[in-house]
Amino acid sequence: MRHRLRALTVGGLALLTAASALPAAAAAPDRTDRPSGGGLSAVIRYTEYGIPHITGKDYAQVGFGQGWAQAADQVCTLADGFVTLRGERSRHFGGDAAPSDRSLSSAATNLSSDLYFRGLRDARTVEKLLDRPAPVGPSRQAKELMRGWAAGYNAWLRQNKVTDPACRTARWVRPVTALDVAERSYAMAQLAGRGAFPDGTTDTRPQTGSVSRAAGTPDPAKASRELFDHRGKSMGSNAVAFSGSATAGGRGLLLGNPHYPWQGGARFWQSQTTIPGELNVMGSTLLGLPVVAIGHNADMAWSHTVSTGMAMSLYELKTAPGDPYSYLVDGKPERMTKRAVTVPVRGKDGRTTAVTGTQWWTRFGPVTTSMGNLPLPWTAGSVYTIVDPNTANLRMTDAFLALGKARGVPGVRDALRRTQGLPWVNTVAADSRGHSLYTQSQVLPRVTDELAKRCSTPLGRQTFPASGLAVLDGSRPGCALGDDPDALQPGTFGPAAMPTLVDAPYAENSNDSPWLANADRPLTGYPRIFGDIDTTRSLRTRGAVEDVAAMAKRGKLKVADLERQQFANRAPAGDLAATDAAKACAALPGGKATGSDGKTVDVSAACDVLAGWDRTVRAGSRGALLFDRFWRALVDSVPERRLWRVPFSAAAPVTTPNTLNTADPGFAKALADAVGELRAAGIALDAPLGEHQFVVRNGKRIPISGGADALGIWNMIEARWDAPRGGYTEVVHGSSYIQAVGFDGSGCPVARTLLTYGQSSNPLSPHYSDQTELFSAGRMVTSRFCEKDILASPKLKVVRVGER
């Protein structure tokens, strides 16, 4: 069969290491729905850049290979995450410290994180979901992947010495269970819901005395809009699919470019997993997941982008008279459930004490007293509770597994319909038959516009139009979420409600709503909770739509065109504003401007730099750094209504607003601040970007192209500014697992990939920064998907791994 793993030839065997042997996986496979017995094993074939190609005879075995190989590359990061999931951060690191990363929740302190995750464990939340029969609960295959992953991780720990300095001698590096793996997936599913706001739920109590809105309390509409604005946040993405009408061969093309953290547990990790005759998929996954989450098979490629769908909502409940721990539903009181959660906390003296937090639960979910900058006081009259349907969703592994098996866009849609497990992402896909797809198929609370209009509380009437956050009156039975007939999970939207675009010449998303997935075929008619329409798009969306629409119009596209788009590094903000800024700069009296500190700055040298800038953020671009610092200062201080002379028009959403308003006082002030800042740091105004935007790996400085979301850059890079050390000295998040995939009819996809930060976070690994250097050079890796290509790798190394 074309997709079946072929037995290695004698010539291929000559490439193996002396201690390696080909597993039984090369023979006809056993039934893949039967649990593996005895010791688990897998074959891992490594090609260039440490990319593993994992083969097993069933799901437990490929899960074993995934767990082993991830541990080999990322044991410290993974182990740190499992400490989080066990609710033991305070025991090892102290309760007041901030978690080392927020890939599993947004808890502000280790103590808050521990109370959150220990509460889930005490309630056996994930265990109960594991017991639910598929498709509402996870399938046998998903459970076998989790079991195998845990066994592979543990086997690596038993058989290898940890060399990564981050945890080489740490006592918290311990074996894990399949339940730990399931809990990791569960935590990821709630990152846009309850997991984003654990601090308000982990130790709650009613306020005493009267509560009034204090001076300085944020406007709820503005607070919720800022709270849920994905633009520039730590997880975002671009993705575009082109249909056959826009390509050279009449087959689909896909370019995926997720923007994820460069450090911590939200890193991607790349692999190929194969069960002969059953599964063959290549791509990346978030650490700790046992399945490819973004990637391609022989017939289809897909990527995800963080969606604008509001994954959670709130109920505002009326408390019973004289009893703040009871609430009214249809006039009848219901008592809250109290959960006391105790965690060990290490003190400054090294001794461990027990700390208990009290959590209160309603029939709808946990009581919360805050969400970021949005206060939700528990008063004598009312209390708020979170409604997050992903707290009942353990189907994400099945969703990714089904996507990896899909043989085209129709199969992708069927996979999403059957599993209904994606929590907070859009899906963009293209296939070998020339189909393209955008769909916002995610688990969302079933808040229709009609329900929000009828049941919103005064707070909800402000937050829902602004951000999609519904605050409903939970005391009225008529305000229940209701059910869609095609939804697997009660209280959620079914597949028929999902905004979807099929077979458009291009389908693109850059973390804005579904509205302009294709500007010529706008999507409308979906409920507000999915996203908005007729509002200003981000500069990244505007720039992306301009680029991909022009590409589709030009036609005859190939994978090479996708690579050029990825590394074009065009700055849409520069195209819109740099010329006007340079002219206004040259017109300033005496070439001087006053900064925000009141000091006068000679900005005359900046005028020619801005005028001569090439409007890109390539490493060699001169003027990019000056414009970047100016633009950030400008948009941080000048609201959009004053920033542009031509306001937004829904009739021209890609090209408006436009024409920089240089008459606003904030313009000269931002320019003075940027010039003064760079001079104070000893940085030339026309310095090449790469000299001051870089990462250091093992003492070597690596220039980094790309730029901030605020500039509208496709190749987004959000970096840490440290002027005394030379500028942008570390990437916080941005372009991560990049893939450009096409099809030529041969059965072997034409694919280029790049994991910008490399496979390993261990500085002693040869794959610590090898792909970072490729990223710096604007190059990608030729994917080795087919057997002949794997065998042809000059770096081929084959390892058989097992429990024994």
Is it true that [Y] and [X] share a donor-acceptor pair across their side chains at a distance under 3.5 Å?
X: N297; Y: N280; answer: no
X: H767; Y: Q759; answer: no
X: T352; Y: R346; answer: no
X: S224; Y: S467; answer: yes

Passing option when I294 is tested against S303, S736, S237 for side-chain contact (heavy atoms from CB on, under 4.5 Å):
S303

Apply side-chain hydrogen bond (donor to acceptor under 3.5 Å, both in side chains) to the pair T305 and N509, showing each step before the final yes or no.
CA-CA 7 Å; T305 62; N509 186 265; 2.8 Å; yes

Hey, is [X] close enough to [Y] for a salt bridge, meaning N to O under 4.0 Å?
X: R418; Y: D414; value: yes
X: E183; Y: R121; value: yes
X: D484; Y: R446; value: yes

On the 0 to 90° scale, with breaks at 30° and 60°, tag the [X]-[Y] ring pair as parallel, tilted or perpendicular.
X: Y737; Y: F268; result: tilted
X: F530; Y: F493; result: tilted
X: W302; Y: H304; result: perpendicular

Heavy-atom side-chain contact between T273 and V291 under 4.5 Å
no

Just checking R158: does its CZ atom have more than 12 heavy atoms from other residues, nucleotides or ligands closer to it than 6.0 angstrom?
yes

Output field: ring centroids F228/F197 closer than 6.0 Å
yes

Answer yes if the ring centres of W378 and Y325 are under 6.0 angstrom apart, and no otherwise.
yes

Looking at W360, is R339 sitting on its ring face, NZ or CZ under 6.0 Å from the six-membered ring centre and within 45 degrees of the normal?
no

Is it true that the NZ or CZ of R184 lies under 6.0 Å from the centre of F82's six-membered ring and within 45 degrees of the ring axis?
yes

Option from D114, T109, T84 for which side chain to side chain donor-acceptor pair (under 3.5 Å) with R89 holds:
T84

Check: N257 side chain, S735 main-chain N or O, donor-acceptor pair, under 3.5 Å:
no

Do the side chain of R395 and the main chain of T419 share a donor and acceptor less than 3.5 angstrom apart?
yes

